[in-house]
Amino acid sequence: MEGVDKEKVQRIIYEMSKGSKYFENEKRKEAFIKQKIESLRAQRAKLTEKDISHFQMIVNKRILELDGSRDLSKIWLHTDMDAFYAAVETLENPLLKGKPLAVGGMSMICTASYEARKYGVRAAMPGFIARKLCPELIFVPTNFGKYTYYSEKTRNVFSKYDPDYIATSLDEAYLEITEICKQRSISSEEVAAELRNTIYQETGLTCSVGVAPNRMLAKFEFQLVEIGYTDLIALYWNIPVCSDINKPNGQFILPNDRDAVMTFISSLPIRKVGGIGKVTEQILREVLGISTCTEILQKGALLHALFSHCSTGWYFRY
DNA sequence: TACATACAC
DNA sequence: CATGGTGTATGTA
């Protein structure tokens, strides 16, 4: 986010953390990951040209299969309420409007308003550090009853667009809008705009929406896991990242078109892909120099060589 | 099978 | 002073 002095934020977090039990534990974990990285690097160094071309063949075949099985016929929409808990609190107490606000307490905060984020305050940050970053930060304790109440309201709207909508948390859901677009002969963009507007009318809250041709179907993910090749998920697309792009109160439409999908994916940092977190990101970067999804495809053979051992071994047992 | 780690919210 | 609670998936012994 612009206007955040990242270095200063990092320094304050470090100053407040060092010496604590939490900090020591983090250091221990980091050392463990370093070790893992070293061992993977060693494995990588042992691979011969022949090994690599062998894995390359397997990977090429798999990529072709995946490319061929891509389904561009559906339209999926992902919604994500903007700073949900903070927005609900502000709605019920307008005095909080425009103020840096954190929902939670001194030990942990769940949500930070956008004003608070300008100071580097984030969800999942301990409150006492957040207060150091932003001394005028207002704390409100969590009221899950309220959030559930507003969540119900948004879900009533969702069900009008897709009765089988999939809620993944109080403030997020997936909707399949293929039918509704067809029935009413309107574009997914119009559906997204209308949905956002309806939610605002019904609740007074804003949300961000992403539209794309797939939501990484559970069945499909399962197949990838079976072959021990989770990382190829990046070949597909991740709808949550779409709703992330024009946040807050925005929308992003990825057309049902192979080239558009590939272009979108290619420069996407792997960290944005669901399932790739802080640790996996570090391992892929430091072992194989991978940081974008394109590089995942380019280095597919090495990935397969280093990360599919267990699964292949699992197959050999049968 | 059981335990630890990683991830997401 | 102080670093969550819950659910899911994966890797490993």
Side-chain angles (χ1 to χ4, degrees), chain A residues 9-10 12-37 39-40 43 78-88 102-112 120-133 137 139 141-142 144 147-148 151 154 166-174 207-208 215-234 238-241 243-244 247 270-284 306-315 317:
Chain A
V9 169
Q10 275 312 113
I12 291 177
I13 292 177
Y14 176 78
E15 291 296 326
M16 297 295 286
S17 299
K18 72 176 174 193
S20 69
K21 258 186 180 165
Y22 170 82
F23 187 78
E24 294 306 315
N25 193 40
E26 286 297 293
K27 278 209 296 205
R28 188 185 58 82
K29 283 199 281 192
E30 269 167 40
F32 190 75
I33 293 165
K34 278 238 160 68
Q35 228 182 320
K36 194 166 175 182
I37 287 173
S39 127
L40 283 168
Q43 266 178 267
H78 178 257
T79 66
D80 188 345
M81 302 303 292
D82 300 324
F84 186 49
Y85 299 172
V88 170
V103 178
M106 277 310 130
S107 51
M108 184 57 64
I109 63 186
C110 318
T111 311
V121 176
R122 292 281 180 280
M125 175 182 272
F128 69 96
I129 293 181
R131 195 176 49 182
K132 191 88 177 176
L133 289 169
L137 186 64
F139 285 87
T142 49
F144 278 95
Y147 316 142
T148 311
S151 180
T154 64
I166 302 164
T168 49
S169 68
L170 282 179
D171 75 320
E172 278 187 38
Y174 293 95
C207 63
S208 298
R215 68 168 287 271
M216 301 203 293
L217 296 165
K219 190 178 160 208
F220 177 68
E221 262 184 271
F222 182 69
Q223 282 175 356
L224 285 173
V225 169
E226 279 279 289
I227 64 157
Y229 205 164
T230 318
D231 305 282
L232 254 190
I233 283 176
N238 186 308
I239 293 158
V241 303
S243 63
D244 233 29
K247 239 176 170 320
I270 53 171
R271 184 63 173 81
K272 294 277 180 188
V273 175
I276 298 187
K278 193 174 111 123
V279 174
T280 312
E281 179 192 31
Q282 190 188 349
I283 290 176
L284 291 181
L306 294 177
F307 297 104
S308 67
H309 286 162
C310 307
S311 318
T312 10
W314 190 75
Y315 279 126
R317 277 162 47 182

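Lettering follows sequence order; numbering is per chain, from 1. Note that this is a predicted model, so its numbers are computed, not measured.
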Could I get the full list of side chain to side chain contact (heavy atoms under 4.5 Å, CB included) partners for A:Ala173, not counting sequence neighbours? A:Thr79, A:Phe158, A:Tyr165, A:Leu175

Could you tell me whether A:Asp171 contacts a base, only the sugar-phosphate backbone, or nothing, with contacts defined as non-hydrogen atoms closer than 4.0 Å? sugar-phosphate

Indicate for each nucleotide in nucleotides 2-8 of chain C, in 5' to 3' sequence, whether protein heavy atoms under 4.0 Å reach the base (B), only the sugar-phosphate (S), or nothing (-). BBB----

Quick check for you: name the first and last nucleotides of DNA chain B, 5' to 3', having an atom under 4.0 Å from a heavy atom of chain A. B:dA6 to B:dC9

Within the 4.0 Å heavy-atom criterion, would you say A:Lys21 contacts the bases, only the backbone, or no part of the nucleic acid? nothing

Which part of the nucleic acid does A:Glu26 contact within heavy-atom distance under 4.0 Å: base, sugar-phosphate only, or nothing? nothing

Within this structure, what is the CD1-to-P distance between A:Ile283 and C:dT10, rounded to whole angstrom? 16 Å

Which residues satisfy the side chain to side chain contact (heavy atoms under 4.5 Å, CB included) test with A:Lys132, sequence neighbours excluded? A:Ile12, A:Met16

Test of understanding: with ring-ring contact (aromatic ring centres under 6.0 Å, His included), list the residues that count as partners of A:Phe23, not counting sequence neighbours. A:Tyr14

What residues form a salt bridge (charged side-chain N to carboxylate O under 4.0 Å, His left out) with A:Glu24, not counting sequence neighbours? A:Lys27

Taking only residues two or more places apart in sequence or in another chain, which ones pass salt bridge (charged side-chain N to carboxylate O under 4.0 Å, His left out) with A:Lys29? A:Glu26

Quick one: list whatever passes side chain to side chain contact (heavy atoms under 4.5 Å, CB included) with A:Lys34, sequence neighbours left out. none

Inter-nucleotide P distance (B:dT5, C:dG4), Å rounded: 15 Å

Residue of the set A:Ile33, A:Leu306, A:Ile276 for which side chain to side chain contact (heavy atoms under 4.5 Å, CB included) holds with A:Ile283: A:Ile33

List in chain and number order the residues that pass salt bridge (charged side-chain N to carboxylate O under 4.0 Å, His left out) with A:Lys21, two or more places apart in sequence or in another chain; answer none if no residue qualifies. none

